[in-house]
Amino acid sequence: MVISHPSKLTFQIENWSYRNTSQAIVIGGSIAGLLAARVLSNYFERVLILERDRFSANPQPRQGIPQSYHPHVLLIQGQQILEQFFPGLTVQLAEQGALTVDWSADFRWHLGAGWAPRFPSDLMSTACTRNLLEATIRQRLVADPCVEILEAHQVQGLLADASYSQVTGVRVQNAQKQSIELRAQLVVDASGRGSKATKWLSQLGYDAPEEATVKSFLGYSTCWYESLSDEVLNCKMLYLMPKPPYQSRGAVMQKTEQGRWLVNLIGVGKDYPPTDHAGFLDFAQSMHDPIVYESIRDARPLSSIYGYQRTENRCRHYERLDRRPDNFIITGDAVCAFNPVYGQGMTTAARGAIALEQSLRQVQNPQLNLKGFAKRFQKKLAQVNTLPWMMATSDDFRWPDTEGKQPNLTTRLIQNYLVEVQREVPNNKFVFKKLAEVIHLINSPTSLLHPQIIGRILYQKLNLLNKVDFN
Ligand SMILES: Cc1cc2nc3c(=O)[nH]c(=O)nc-3n(C[C@H](O)[C@H](O)[C@H](O)COP(=O)(O)OP(=O)(O)OC[C@H]3O[C@@H](n4cnc5c(N)ncnc54)[C@H](O)[C@@H]3O)c2cc1C
């Protein structure tokens, strides 16, 4: 499959003159960067994305995105936002082989207490490799005449005015190691988990933001398969959940374009899955349900096995900085990166793009005056990130070896309640649907306080009490 790019990927540096036009620069051409650029294209005459990698014509993993070898779930809210920014994207992805997943009919989900019920519903999103998703968004974006991409250029630092109160551009290095200065009215850092924004700000005399990390020491190992038996799997997506506190092993299996399967083994608490084929099979065989092993034991692997262990939740609190320069904002994983097992990263990046759109809409004339905008945006983004952060970290704290600041009492109570809800899922379609809506970020967690759900939980508790012999 070849995704053609207009020749606009060959950007002409000498034509980049910010004195005549309003210009914005985005650092990083992945999901958060592409979506930020989509928003900025509504407000600036030219938007330039700077990316250290080169993009290939075929959607395939690339060096700057080590996670591109691993399955990527697109939550329903993420899908809805992408469709809002790029109308028709869902159909376009389907035309390139992406699958539609009905999250109650096509998804097999083992929650420790048993398999979730399966039934048709309206809980739909697209399933494909993140490589196809990213390439398709990029193709749509560069069709916009005001968006340009400069590949193989690595940003090395920020440029500022004489007082260091405003960022005025970036310093980039090209493949020949030459340094170039590019100016813009607004610079957006979307360079991911490894962002150097903290260092760049300190070079301008600003403090580093407070940082929170929650680490459950979860590891991924992923192998790609040409095809797997539909008879054994009978689904498009499978999640065999590890079960806290002790059943540390699980798996995610995702069917993608061309019928290929990405099989991802998970181990929590440093029980990292191996990256050799024999070890991979042994690990699959050791799980609490045989389905993963049975589906891959005779299958032909298409790839080597890719490991990934940098899975801690990490949040940099830029919104709490007392001092910051204007005209520089940070978004996506560069601000808040999650344990990937919850599948929230791309959707949170999309929520961040909505926050950017809403923040820019409130500025009178963003091309001329962005004073105070950076602070307002980072505060709005922090609000957007709160819910996914709470959901990911509180679940991680169910593991005994998780490191990080313990959640407060309210979060712990919510978490305990969610565990009770999960216990009910195998027996009840209604509970399953309600929980899925919350996980997919299309309904508030308070919707789980539905009388029917509370009633079920109380009924089970009373049943248990009745079985206790008090003598
Ligand atoms: C193993 C794994 C599995 C995941 N699974 C899911 C999932 O199932 N669902 C989901 O929604 N999310 C998932 N995520 C998260 C998801 O990949 C990210 O949240 C999403 O890609 C958004 O990240 P981003 O665009 O902010 O950063 P990234 O995707 O990390 O992209 C950063 C970009 O910036 C470029 N860059 C970096 N530094 C520079 C520089 N100095 N100059 C120029 N360019 C630079 C990089 O090359 C890269 O292109 C997963 C993550 C991991 C690690």
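The structure presented is a predicted model; accordingly, all values stated were derived computationally and were not measured. Read the numbers this way: they start at 1 and go in the same order the structure lists the ligands and their atoms.
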Heavy atom of [X], distance to ligand 1 below 4.0 Å:
X	value
Gln156	no
Arg310	no
Glu134	no

Quick one: does ligand 1 sit under 4.0 Å from the side chain of [X], the backbone, both or neither, non-hydrogen atoms only?
X	result
Tyr220	side chain
Ile65	side chain
Ala190	backbone
Leu50	backbone

N or O pair under 3.5 Å between Arg193 and ligand 1:
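There is no such contact.
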Using a 3.5 Å cut-off on N or O atoms only, is Ser30 in polar contact with ligand 1?
yes
So Ser56 and Asn58, side-chain hydrogen bond (donor to acceptor under 3.5 Å, both in side chains) or not? Walk me through it.
CA-CA 5 Å; Ser56 67; Asn58 302 314; 5.7 Å; no
Geometric class of the Phe280/Tyr225 ring pair [parallel <30°, tilted 30-60°, perpendicular >60°]:
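Ring orientation, 0 to 90° scale: tilted.
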Has Arg108 got its NZ or CZ under 6.0 Å from the middle of the six-membered ring of Tyr239, at an angle within 45 degrees of the ring axis?
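Not satisfied by the 6.0 Å and 45° rule.
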Honestly, is Arg118 close enough over Phe107, meaning NZ or CZ under 6.0 Å from the six-membered ring centre and within 45° of the axis?
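So Arg118 doesn't make the cation-pi contact.
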Do [Y] and [X] meet the salt-bridge criterion of a basic N to acidic O distance under 4.0 Å?
X	Y	answer
Arg320	Glu211	no
Asp401	Lys270	no
Glu51	Arg62	yes
Asp230	Lys255	yes

Hey, which atoms in ligand 1 end up nearer than 4.0 Å to a heavy atom of [X]?
X	value
Pro71	5 (N), 8 (O)
Gly192	27 (O), 30 (O), 32 (C)
Gly332	26 (O)

Do other residues, nucleotides or ligands put more than 12 heavy atoms under 6.0 Å from the [atom1] atom of [X]?
X	atom1	value
Tyr206	OH	yes
Lys380	NZ	yes
Gln63	CD	no

Could you give me the CA-CA distance, side-chain angles and deciding distance for Tyr306 and Tyr69, then say whether ring pair (Phe, Tyr, Trp, His ring centres under 6.0 Å) is met?
CA-CA 7 Å; Tyr306 307 101; Tyr69 293 95; 4.0 Å; yes
Note the single closest protein heavy atom to [atom], along with its residue, its atom name and the distance in Å.
atom	answer
atom 49 (O) of ligand 1	Glu51 OE1, 2.6 Å
atom 6 (C) of ligand 1	His72 CD2, 3.4 Å
atom 34 (O) of ligand 1	Gly28 CA, 3.2 Å
atom 36 (N) of ligand 1	Arg52 NE, 3.6 Å
atom 3 (C) of ligand 1	Pro340 CB, 3.3 Å
atom 18 (C) of ligand 1	Asp333 OD2, 3.4 Å
atom 52 (C) of ligand 1	Gln67 CB, 3.2 Å
atom 21 (O) of ligand 1	Arg130 NH1, 2.5 Å

In terms of its nearest heavy atom to atom 40 (C) of ligand 1, the top option of Val155, Val73, Leu75, Ile330 is Val155
Please compare Ser195, Gly29, Ala32 and report which has the shortest non-hydrogen distance to atom 25 (O) of ligand 1.
Ala32
Pair Arg260-Ser227, side-chain donor/acceptor within less than 3.5 Å
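There is no such pair between these side chains.
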